[in-house]
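Notes for the one structure printed next.
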Amino acid sequence: MGTSRAWETPPFPFERVELRDHELELRPLRAADAFVLFRLIDAERARLGRWLPWVEETRTERDSARFIADATEERRRRRSLVLAMCVDGAIVGTIGLHYVEWFDRSAELGYWIASGAEGRGYVTRAARLVLGFAFGTVGLHRIVVRCAVGNERSARVAERLGMVREGLLREAHFVGGRFLDQHLYSLLRHELPAER
């Protein structure tokens with residue numbers, strides 16, 4: 001007959017989320033973050049815009065404010081969770097769960113970080129915190145990462161997390177007027193590496 005799909009979805013899975021690993025803190029974006037978030041994106045426009053389509057649409061602080069308001073509403077509706085990635089209290093990027101599918105207990109992990117904070121392991125550490133939260137507290141079963149072919153830093157994060165490269169999504173991402181192929185990575189709940 002097949003596996004039963006009955007499952008109790010957590011009623012408020014994304015309320016009051018705050019994850020921490022020493023100086024690294026993950027917290028929901030607040031309206032007051034719009035100025036800092038926009039300045040960070042604006043300073044990284046060329047680098048981030050190679051891989052992320054929303055960079056082109058982020059032209060003013062108002063755009064960042066709108067994004068934060070939308071993210072807050074999506075969190076309230078349990079559709080996604082976007083967290084500010086903060087180091088010693090300063091925002092250096094964002095990380096989150098997107099396209100949360102409660103019926104299948106799956107979501108997509110997305111992340112970006114400012115160049116000044118790259119190469120220090122922050123994204124990998126932040127991703128481990130989010131995965132632990134998603135598989136533990138929230139009870140999800142499958143998390144995927146999609147990253148453009150050529151975006152080696154993003155791919156290395158997925159690989160450090162122990163994700164399995166499932167395949168290639170041909171011309172699956174439209175960025176900067178061109179279609180990009182994407183690698184698809186996944187991690188299942190029982191594959192999450194034990195805490196070191």
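Residue numbers start at 1 and run along the sequence shown. These figures come from a predicted structure and were not determined experimentally.
- A search for ring pair (Phe, Tyr, Trp, His ring centres under 6.0 Å) contacts involving Phe179 returns Phe174, not counting sequence neighbours.
- Not counting sequence neighbours, the partners of Glu152 by the side-chain contact (heavy atoms from CB on, under 4.5 Å) test are Arg156.
- Legend: side-chain hydrogen bond (donor to acceptor under 3.5 Å, both in side chains) pairs involving residues 64-73, not counting sequence neighbours, sorted by first then second residue: Asp63-Arg66, Glu73-Arg76.
- Put simply, the side chain of Arg78 reaches to within 4.5 Å of the side chain of Trp102, judged on heavy atoms.
- Evaluation of the side-chain contact (heavy atoms from CB on, under 4.5 Å) rule for Ala134 yields Leu97, Leu140, Ile143 as partners, not counting sequence neighbours.
- Arg120 places a side-chain N or O within 3.5 Å of a backbone atom of Gly116 that can act as its donor or acceptor partner.
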Would you tabulate the side-chain donor-acceptor contacts of residues 89-96 under 3.5 Å, counting partners in other chains and residues two or more places apart, or write 'none'?
{"residue": "Thr94", "atom": "OG1", "partner": "Trp112", "partner atom": "NE1", "Å": "2.7"}

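- For the side-chain hydrogen bond (donor to acceptor under 3.5 Å, both in side chains) test, residues two or more places apart in sequence or in another chain that qualify with Glu44 are Arg47, Ser115.
- Although no hydrogens or angles enter the test, the distance criterion places a donor-acceptor pair under 3.5 Å between the side chain of Asp181 and the main chain of Glu171.
- Arg45 contributes a side-chain N or O that, together with a main-chain N or O of Thr58, makes up a donor-acceptor pair within less than 3.5 Å.
- When the shell of 6.0 Å around CZ of Arg178 is examined, it contains more than 12 heavy atoms from other residues, nucleotides or ligands.
- Shown here are the side-chain hydrogen bond (donor to acceptor under 3.5 Å, both in side chains) partners of Glu56, two or more places apart in sequence or in another chain: there are none.
- Using a 4.5 Å cut-off on side-chain heavy atoms (C-beta onward), Tyr111 and Val130 make no contact.
- Every residue two or more places apart in sequence or in another chain that forms a salt bridge (charged side-chain N to carboxylate O under 4.0 Å, His left out) with Arg27 is listed here: Asp33.
- In this structure, the side chains of Glu118 and Arg153 come closer than 4.5 Å at one or more pairs of heavy atoms.
- Judged by distance alone, the side chain of Tyr99 and the main-chain N or O of Leu109 form no donor-acceptor pair under 3.5 Å.
- Taking every heavy atom of both residues into account, Val175 and Pro53 meet most closely at CG2-CD, 3.9 Å.
- The list of ring pair (Phe, Tyr, Trp, His ring centres under 6.0 Å) pairs with a residue in residues 115-164, not counting sequence neighbours, is empty.
- Looking only at side-chain heavy atoms (C-beta outward), Arg79 and Val100 stay at 4.5 Å or farther from each other.
- For Arg125, the side-chain hydrogen bond (donor to acceptor under 3.5 Å, both in side chains) partners two or more places apart in sequence, or in a different chain, are Asp21, Glu23.
- Atom CZ of Arg62 is surrounded by 12 or fewer heavy atoms from other residues, nucleotides or ligands within 6.0 Å.
- No donor-acceptor contact under 3.5 angstrom links the side chains of Glu101 and Ser106, judged on distance only.
- Every residue two or more places apart in sequence or in another chain that forms a side-chain contact (heavy atoms from CB on, under 4.5 Å) with Glu15 is listed here: Phe12, Arg75.
- Under the 4.5 Å side-chain criterion, counting only non-hydrogen atoms from C-beta, Ser154 is not in contact with Trp51.
- With sequence neighbours excluded, no residue forms a side-chain contact (heavy atoms from CB on, under 4.5 Å) with Arg16.
- The shortest distance between side-chain heavy atoms of Gln182 and Leu168 does not fall below 4.5 Å.
- Using a 4.5 Å heavy-atom threshold, the side chains of Glu18 and Glu25 count as touching.
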